[in-house]
Amino acid sequence: MIRLFNSLTQRKEELVPRDDGKVGIYACGPTVYNFVHVGNARPYVVFAILRAWLTARGYQVVLVENITDVNDKINAKADAEGRSPVAIAAEFTQAYVDDTDRLGVPRPDVEPLASETIPEIIDLVCQLIVSGHAYESQGSVYFRVRSFPEYGKLSGQRIDELAEETRVEAEPGKEDPLDFAVWKAAKSGERDHLWESPWGSGRPGWHIECSAMGLRYLGAGFDIHGGGRDLIFPHHENEIAQAEAAGLPFARVWMHNGMIRAGGEKMAKSVGNIFLLREVLDRYAAPVVLIYFLTTHYRSPLEFSLEKLDEAKAAYERLVEAVRTASFRADNPGRGDVHDPVSLRAALDQARTAFAAHMDDDLNTAGALGELFGLGRELFRYIGATDAAGHAADTATLEDVEDLLVECLDNLCIAMLDEGSVSPAGTPGARQAGASGATATDGEACATDGMPLPPAARLAAESRWNDLAELVDERLSCGDATYACLLRDHLRAAKDWTGADALRDRLVAAGFEVRDTPAGTQVVRKG
RNA sequence: GGCGGCGUAGCCAAGUGGUAAGGCAGAGGUCUGCAAAACCUUAAUCACCGGUUCGACUCCGGUCGCCGCCUCCA
């Protein structure tokens, strides 16, 4: 059973989709007048992971995330730069897609543009006018807030109190200061980014595009609507009013992510404490940024700092180490009796169950990740105990551990990067086998001029150490440490410490970190 | 002023009516030819004050502090 905290009711509720087995999610995306910052990226990540988890749970999910490309701020920027609003919107829409793509998180299923939803918006405005919930005035159309008794149900505000405290200035043409524009008449001199309507040339008000797009793609009474907490009022409140006053039930569950802060204050363009997503991704690999996001519950505020990213990186590397170790030891179990994996098996079951339970419980990614770390510790303990006893590792269990870790991390959209790639240039998805012969994938990239190389393992088996040694540097230059590892195993077995150390130095120079294990030399690529 | 949230070890952060996951950092130790990685040990009367309860960090009330929204904002 999936439970989600619903801002509308202020409590966790069981997810009961409108249509059996299907979940529709609408999340508020950016207004494109600048590069997105880390704060903008949080909902992008949160709702992508919600979709991933619901999908893993067997639901058929549609995630709609709008791009608001019609907005006063876009026009303001265009004016300031002497450019067209269309050009500004196009530039930053592309930048948004480029930047968020780098997170390595699957894109939303639909990313509608406000500018492509104008007919639906006009239609909705017409319905509101017909039903008496909106009125035209001087070419603009306003929503009559007092005509909608439920106004304030999401934000917990009462209309009368809003009226008393409102800082909204009375605009000419408004019946009530609380009323808000659903359609804005073109100002004199404006030419771009305008559409014809029954009320003359103009553009939609800020909130209505989301009502229209949500209804268009997910239909009335859709399941989940998400966005940042700061959007609760007035944006989401108004979305509800516009849709429901028109007789169309809106979202049933509202999810709001907490704000990212910097220096104790909300990260916001207006505060000037923003860190652009692209800047962060230039310094930290995508999975590290995801760990940073996901080790705090999505509803809590999250402080941004480079130190926290560094901690996330260390945490990520521990997970990578666990996956790498499970993989390497599964491939190189060692000799002797198989060490009893009962405790590791228990940890595996525990992690599998608890991970899912945490995710089911309002997307508790922090708790879920904790389970993975716990499994990692049990894995390391098992390996340690196995080595201490001079036993062999249980291959099947280790493979199960690796599979579970990778699968769970995949649910969190956290890719296990090739360790050499724990740097921004990394390619997601590569999994290193970890064994002495682990770098086969890299070796493939290195042409051999059609000449089949003698497999390192065969040379070693035949004790042709000189032949092996001759190939070490050549293969190392191709990123293949296989030969070096096997030669080093030989040197260490012969207690040739000088030779073994020298070879380690060469491996390090080639970008590898070297670890001696009872099962042989393990190398790890370092970025 | 109204609405909402938060306050858990040095830092970050889960969580539960029955004596507190995990990550980072620190200290000591183990393993190792030396390393690396890992493991072990080590730290919290869960902001404060009351109340309910056999028992609360977890429920209720109050206080203090911090944050968000009420204006554009993910």
Side-chain angles (χ1 to χ4, degrees), chain A residues 7 10 27-31 33 36-47 65 71-73 76 152 154-158 160-162 164-169 206 226-237 256-261 264-271 274 291-292 295-297 299-303 305 307-308 310-319 321-322 324-325 328 354 358 361 364-374 376-377 379-385 387-388 492 495-498 500-501 504 508 512-518 522-524:
Chain A
S7 302
Q10 295 294 329
C28 282
T31 298
Y33 65 99
V36 291
H37 60 248
V38 179
N40 297 305
R42 175 126 91 148
Y44 183 86
V45 168
V46 165
F47 294 105
E65 210 157 309
N71 181 282
D72 286 347
K73 293 214 163 191
L154 177 66
S155 56
Q157 303 284 342
R158 287 195 296 270
D160 290 333
E161 271 164 5
L162 283 170
E164 279 178 37
E165 300 297 331
T166 186
R167 282 184 260 171
V168 178
E169 291 182 24
W206 172 35
R229 290 194 84 81
D230 54 352
L231 294 181
I232 291 176
F233 192 92
H235 186 58
H236 290 162
E237 195 69 69
H256 291 101
N257 61 272
M259 299 293 98
I260 302 268
R261 299 179 192 165
E265 271 189 287
K266 182 174 83 162
M267 184 180 291
K269 290 156 194 157
S270 55
V271 181
I274 64 172
I291 293 274
Y292 159 73
T295 45
T296 298
H297 186 91
R299 279 193 284 122
S300 300
L302 208 199
E303 182 74 19
S305 72
E307 292 70 31
K308 295 201 71 170
D310 286 337
E311 288 177 11
K313 182 176 180 182
Y316 174 63
E317 285 174 349
R318 185 169 169 82
L319 291 172
E321 187 67 28
R324 173 195 293 146
T325 297
F328 177 79
H358 276 120
D361 182 15
N364 185 354
T365 54
L369 271 168
E371 298 298 332
L372 266 27
F373 284 107
R377 159 160 288 123
L379 166 71
F380 292 132
R381 291 175 68 165
Y382 174 73
I383 296 296
D387 291 346
R492 293 188 66 239
K495 297 194 190 303
D496 178 356
W497 308 129
T498 310
D501 287 351
R504 177 167 58 197
V508 169
F512 293 97
E513 188 175 291
V514 177
R515 296 178 189 167
D516 299 331
T517 80
Q522 180 185 13
V523 293
V524 173

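To find a chain, count down the sequence lines: A is the first, B the second, and so on, and within it residues start at 1.
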Q | Partner nucleotide of B:C48 by Watson-Crick or wobble geometry (both distances under 3.5 Å) | A | B:G62

Q: Could you state the atom-to-atom distance from CZ of A:F380 to C1' of B:C39 in whole Å?
A: 10 Å

(Q) Which nucleotide wins on minimum distance to the side chain of A:E321, given the candidates B:A37, B:A13, B:A74? (A) B:A37

(Q) Tell me the closest heavy-atom pair linking A:R515 and A:R324, and the distance in Å. (A) NH1-NH1, 3.5 Å

Q: Under 4.0 Å between any heavy atoms, over every strand shown, what does A:E513 touch: base, sugar-phosphate, or nothing? Just pick one.
A: sugar-phosphate

(Q) Side chain of A:K308 only, heavy atoms from C-beta on: which candidate in B:C12, B:A74, B:G2 is closest? (A) B:C12

Q) Taking OP1 and OP2 of B:G23, is either one under 4.0 Å from a side-chain nitrogen or oxygen of A:R318? A) yes

Q: Using modelled atom types only, decide if a donor and an acceptor are shared between the side chain of A:Q157 and the backbone of A:L162 within a distance under 3.5 Å.
A: no

Q) What about A:D516, does its side chain sit under 3.5 Å from the base of B:C34 through a donor-acceptor pair? A) yes

**Q.** Proximal nucleotide (of B:C24, B:A74, B:A37) relative to the A:E311 side chain
**A.** B:C24

Q) Taking CG from A:L319 and P from B:A37, how many angstroms apart are they, rounded to a whole number? A) 16 Å

Q. Do any N or O atoms from the side chain of A:R42 and from the backbone of A:G258 form a donor-acceptor pair under 3.5 angstrom?
A. yes

Q: Determine: side-chain N/O of A:R381 to OP1/OP2 of B:C40, distance under 4.0 Å, yes or no.
A: yes

Q. Among B:C70, B:G68, B:A14, which is the nearest nucleotide to the side chain of A:L162?
A. B:C70

**Q.** Distance in Å, A:E311 CD paired with A:E307 CD, rounded so as to fall on 0.5 Å steps
**A.** 8.0 Å

Q) When you check the phosphate oxygens OP1 and OP2 of B:C72, does a side-chain N or O of A:N71 lie under 4.0 Å from one of them? A) no

Q.
Whether A:Q10 contacts B:G5 is assessed here as follows: a side-chain N or O lying under 4.0 Å from the phosphate OP1 or OP2. Is that the case?
A. yes

Q. Which heavy atom of A:G376 sits nearest a heavy atom of A:A322, and at what distance?
A. CA-CB, 4.1 Å

**Q.** Integer angstrom distance from the C1' of B:U41 to that of B:C34
**A.** 25 Å

Q) With a 4.0 Å cut-off on heavy atoms, is A:H297 in touch with a base, just the backbone sugar-phosphate, or nothing at all? A) sugar-phosphate

Q. For the pair made of CG in A:D230 and P in B:G5, what is the distance, rounded to whole Å?
A. 17 Å

Q: Can you tell me, in whole Å, how much space there is between the P of B:U32 and that of B:C24?
A: 24 Å

Q.
Just to be sure I understand the rule, does A:G39 reach a base, reach only the sugar-phosphate, or reach nothing, if contact means heavy atoms closer than 4.0 Å?
A. base

Q) Given that both distances must come in under 3.5 Å, which nucleotide forms a Watson-Crick or G-U wobble pair with B:C24? A) B:G10

Q: Pick base, sugar-phosphate or nothing for A:R158, based on heavy-atom distances below 4.0 Å to the nucleic acid.
A: nothing

Q) What nucleotide, of B:C12, B:A14, B:A74, holds the atom closest to the side chain of A:N364? A) B:A14

Q.
Is a donor from one side chain sitting under 3.5 angstrom from an acceptor on the other, for A:Q522 and A:T517?
A. no

(Q) With a 4.0 Å cutoff (strictly under), does any side-chain N or O of A:S300 reach OP1 or OP2 of B:A14? (A) yes

Q | Rounded distance in Å between the C1' positions of B:G7 and B:C46 | A | 10 Å

Q.
It should be established whether A:R299 places a side-chain nitrogen or oxygen under 4.0 Å from OP1 or OP2 of nucleotide B:G68.
A. no

Q. For the side chain of A:E513 and the backbone of A:V524, is there at least one donor-acceptor N/O pair under 3.5 Å apart?
A. no

Q: Between A:S155 and A:K73, just flag the one whose closest nucleotide in RNA chain B comes earlier from the 5' side.
A: A:S155

Q. 5'-most contact on RNA chain B: A:A312 or A:D501, nearest heavy atom basis?
A. A:A312

Q) Rounded to whole angstrom units, what separation is found between the CG atom of A:L379 and the P atom of B:C39? A) 9 Å

Q) Using atom C1' of each nucleotide, how far apart are B:A13 and B:C57 to the nearest Å? A) 15 Å

Q: Could you check how far CZ of A:F373 sits from P of B:A38, rounded to whole Å?
A: 12 Å

Q.
Considering every strand and a 4.0 Å limit on heavy-atom distances, what is the contact class for A:G370: base, sugar-phosphate, or nothing?
A. base

**Q.** Distance, rounded to the nearest Å, where A:K266 contributes NZ and B:U71 contributes P
**A.** 13 Å

Q. What's the closest nucleotide to the A:S270 side chain, out of B:C34, B:G68, B:C72?
A. B:C72

Q. When all nucleic acid strands are considered with a 4.0 Å heavy-atom cut-off, which category describes A:R229: base, sugar-phosphate, or nothing?
A. sugar-phosphate

Q.
Need one value for A:G226: base, sugar-phosphate or nothing, where a base atom within 4.0 Å counts as base even if backbone is also close, heavy atoms only.
A. nothing

Q.
Check the phosphate of B:U32 against A:R515, side-chain N and O only, distance under 4.0 Å to OP1 or OP2. Yes or no?
A. no

Q.
Please name the nucleotide paired to B:C39 by Watson-Crick or G-U wobble geometry with both distances under 3.5 Å, or report none.
A. B:G29

Q: Mind calculating the distance between OH (A:Y316) and C1' (B:G23) to the nearest angstrom?
A: 16 Å

Q | Between A:D361 and A:H358: side-chain donor-acceptor atoms closer than 3.5 Å | A | no

Q. How many Å lie between CG on A:D310 and C1' on B:G23, as a whole number?
A. 14 Å

Q.
Please tell me if A:K269 has a side-chain N or O lying less than 4.0 Å from either OP1 or OP2 of B:A74.
A. yes

Q) Considering only the P atoms, how many Å lie between B:C49 and B:U42, rounded to the nearest integer? A) 29 Å

Q | Sugar-phosphate only, base, or nothing, as touched by A:L369 at under 4.0 Å among non-hydrogen atoms | A | nothing

Q) To the side chain of A:P43, which of B:A74, B:G33, B:C24 is closest? A) B:A74

Q. Is there a Watson-Crick or G-U wobble partner for B:C69 with both distances under 3.5 Å, and if so, which one is it?
A. B:G2

Q.
Using atom C1' in both nucleotides, what's the gap between B:C67 and B:A25 to the nearest angstrom?
A. 26 Å

Q) When we call it a touch if two heavy atoms are under 4.0 Å apart, what does A:A366 touch: a base, just sugar-phosphate, or nothing? A) base

Q. If you measure from the P atom in B:U63 to the same atom in B:A14, how many Å do you get, rounded?
A. 27 Å

Q. Between B:G65 and B:G26, how far is it from one P atom to the other, in whole Å?
A. 36 Å

Q.
How long is the straight-line distance from OH of A:Y292 back to CD1 of A:I260, given to the nearest 0.5 Å?
A. 4.0 Å

